Amino acid sequence: MPFQQGSARTRQRTVLLVGIAVLLAALVLAVVLASLLTRREQEDGPKMLKWKDRGTTKNLQEVILGRCYNYVMARYPEVGDKDCLKIWDSLKHAFIYKNPCNITSEDYQPLMELASHPIPCNKSLFWSKTNDLVHRYTKSNQNFLTLEDTLLGYMADRVSWCGDPSAPGINYESCPKRSECESNPGSVFWKMASKMFAEAACGVVQVMLNGSVEAGAFGSSSIFGSIEIFNLNPDKVSEVHIWLMHDIGGPQSESCSGHSIKRLKNILEARNFKITCEDNYRPVQLLQCVHNPDHTDCRICTDT
Amino acid sequence: KWKGEGTTLNLESIVIGRCYDYIRIVNPAVGEKNCLEIWEAFKNAFIDKDPCSVLPKDYELFINLSFHTIPPNKSLFWENNRLLVNSFADRGHRYMSLADTLFGYMTDFLNWCGQANSTGLDYESCPTTEECENNPVESFWRIASITYAQHSSGVIHVLLNGSAVGGAYPVPGFFADYEIPNLQKAKVSEIVIWVVDDIEGPDRDSCGTNTVEILQNRLKNLGFDVTCADNYESVMFLLCLD
């Protein structure tokens with residue numbers, strides 16, 4: 001019927017017009033969005049600084065928090081009540097939005113205070129150039145504590161972080177190496193933590209050094225040689241026991257009578273510490289031999 | 001209410017933190033994993049349930065999400081020598097024990113259970129295996145051990161404690177009941193048993209004697225190529241004799 005035909009054609013036309021209108025609107029929207037986005041990119045301003053070392057560990061917050069709770073609840077419950085959220089916050093604020101070459105010990109002061117805990121006497125174990133071996137030892141013999149076995153060291157071990165003045169304030173791409181600037185978040189952290197670890201030591205302390213290193217077992221540029229030995233408190237620490245370990249089948253570059261050990265002894269004696277030194281401290285060598293049982297170095301007792 | 005310890009405090013933060021720790025730092029080779037999804041799957045295995053009715057298969061989704069291959073020749077089974085195994089495995093560099101896999105790493109040393117008609121974790125107490133076998137932790141380690149054994153290949157190492165009271169190869173035990181039955185003969189080329197004494201500990205068991213002999217015979221009867229070494233033991237003895 002004529003009336004219905006007419007309305008059908010009108011409907012078709014309306015649909016067409018609506019369709020065109022929608023298309024036009026979409027086009028306009030697209031143009032507006034595109035211009036906004038490009039403008040935002042330009043407004044983003046300075047990009048993050050680029051450095052030579054690896055960037056902040058991804059999911060840093062979850063890792064640090066988890067480690068903190070893990071340490072306090074499951075690992076060393078004697079550490080007592082620690083507010084892990086506050087601890088994470090204090091770490092974050094030490095470096096976020098800051099230029100990573102301008103970090104100071106003041107930046108870390110709140111974190112150090114929140115996370116530090118007393119160390120039982122006679123248990124402090126220092127180390128230099130024996131990273132793998134010393135930590136394998138403390139994992140199997142929980143009578144000794146390295147810095148990485150304290151809450152602060154445990155949280156930060158093998159993790160990296162640094163900030164940047166531009167948003168979001170944390171640089172996940174790269175962080176400065178020590179050679180680029182010394183006052184970077186990692187270096188400042190470990191220097192401070194090492195100083196405090198040494199200050200907290202009491203009674204007999206131990207240090208595991210590497211007698212297979214060409215440059216010498218004791219180096220005055222190492223953290224042990226430049227920070228820790230000078231922050232041991234002679235009123236609290238009575239003796240320093242040196243364990244000089246050689247790699248199984250490795251060179252015997254130095255022994256307890258060696259040059260760098262003499263230097264270390266002089267420094268410590270001048271500060272009134274009693275010193276002993278043992279080549280290849282047996283329990284640690286045991287651990288080395290477990291992985292090299294057939295080596296002749298591991299048969300030294302057969303002749304006795 | 002129950003005789004065992006309650007759920008570890010801050011369980012969620014610890015488990016999620018360990019998950020990220022593993023994929024970012026400990027073993028990034030396993031690639032990207034969705035740690036939040038993995039936590040949800042873990043929790044759903046036991047939350048809102050009677051803690052005596054949690055079965056190993058309740059953890060199947062968790063295992064699937066957190067699974068990664070175990071490199072051949074790196075599997076390390078053990079009994080009664082956790083500290084030594086930790087240093088032996090060297091954080092997964094030398095060997096990959098169950099606790100060095102993602103699913104073992106997230107839960108090692110932790111305790112957990114829920115309760116019926118409540119979405120909360122029970123921090124007061126959890127059932128021991130003596131009270132009921134199908135408790136959340138026991139069921140977890142059963143399926144974890146089964147999975148670990150099923151996916152082990154190449155040369156398999158077993159570290160036993162020659163100083164352990166009751167023998168180096170305990171029966172019942174996880175190795176005896178859940179791991180040995182799930183080793184795949186087609187994938188396993190050899191089983192090497194090491195009997196190691198506690199540092200300055202007594203020598204109660206060694207290759208070819210007592211429980212170790214029982215283990216050796218069982219594995220041989222199952223068709224595995226078996227060797228056993230006491231070398232480490234004698235080295236330790238020699239070094240320990242002052």
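Keep in mind that the numbers below use all heavy atoms, side chains included, and drop hydrogens, waters and symmetry copies. In the text below, chain A, chain B and the rest are named by the order of the sequence lines, each starting its count at 1. Being a predicted model, the structure only gives us computed values, none of them experimental.
- The local environment of NZ in B:Lys1 is crowded, with over 12 non-hydrogen atoms from other residues, nucleotides or ligands closer than 6.0 Å.
- A 6.0 Å sphere centred on CD of B:Glu124 holds no more than 12 heavy atoms belonging to other residues, nucleotides or ligands.
- The CD atom of B:Glu32 lies 5.5 Å from the NZ atom of A:Lys58; values are rounded to the nearest 0.5 Å.
- Remark: B:Arg24 CZ to A:Leu60 CG distance equals 11.5 Å, nearest 0.5 Å.
- Within the 4.5 angstrom heavy-atom criterion, only side-chain atoms of A:Arg67, from C-beta onward, approach chain B.
- One finds the CD atom of A:Gln61 at 11.0 Å from the CD1 atom of B:Ile16 (value rounded to the nearest 0.5 Å).
- Here OH of B:Tyr20 is found 14.0 Å from OG1 of A:Thr57. Values are rounded to the nearest 0.5 Å.
- To the nearest 0.5 Å, atoms SG (B:Cys35) and CG (A:Asn59) are separated by 7.0 Å.
- Within 6.0 Å of CD in B:Glu190 there are more than 12 heavy atoms belonging to other residues, nucleotides or ligands.
- If you run side chain to side chain contact (heavy atoms under 4.5 Å, CB included) between A:Tyr69 and each of B:Leu11, B:Val15, B:Thr8, B:Ile14, only B:Ile14 comes through.
- Top candidate by heavy-atom pairs under 4.5 Å with chain B, chosen from A:Val63, A:Asp132, A:Ile64, A:Leu65, is A:Val63.
- Within 6.0 Å of the CD atom in B:Glu5, the count of heavy atoms belonging to other residues, nucleotides or ligands does not exceed 12.
- In this structure, OG on B:Ser13 lies 7.5 Å from CG on A:Leu85, to the nearest 0.5 angstrom.
- For the residue pair A:Met73 and B:Leu9, the shortest heavy atom distance occurs at CG-O, 3.7 Å.
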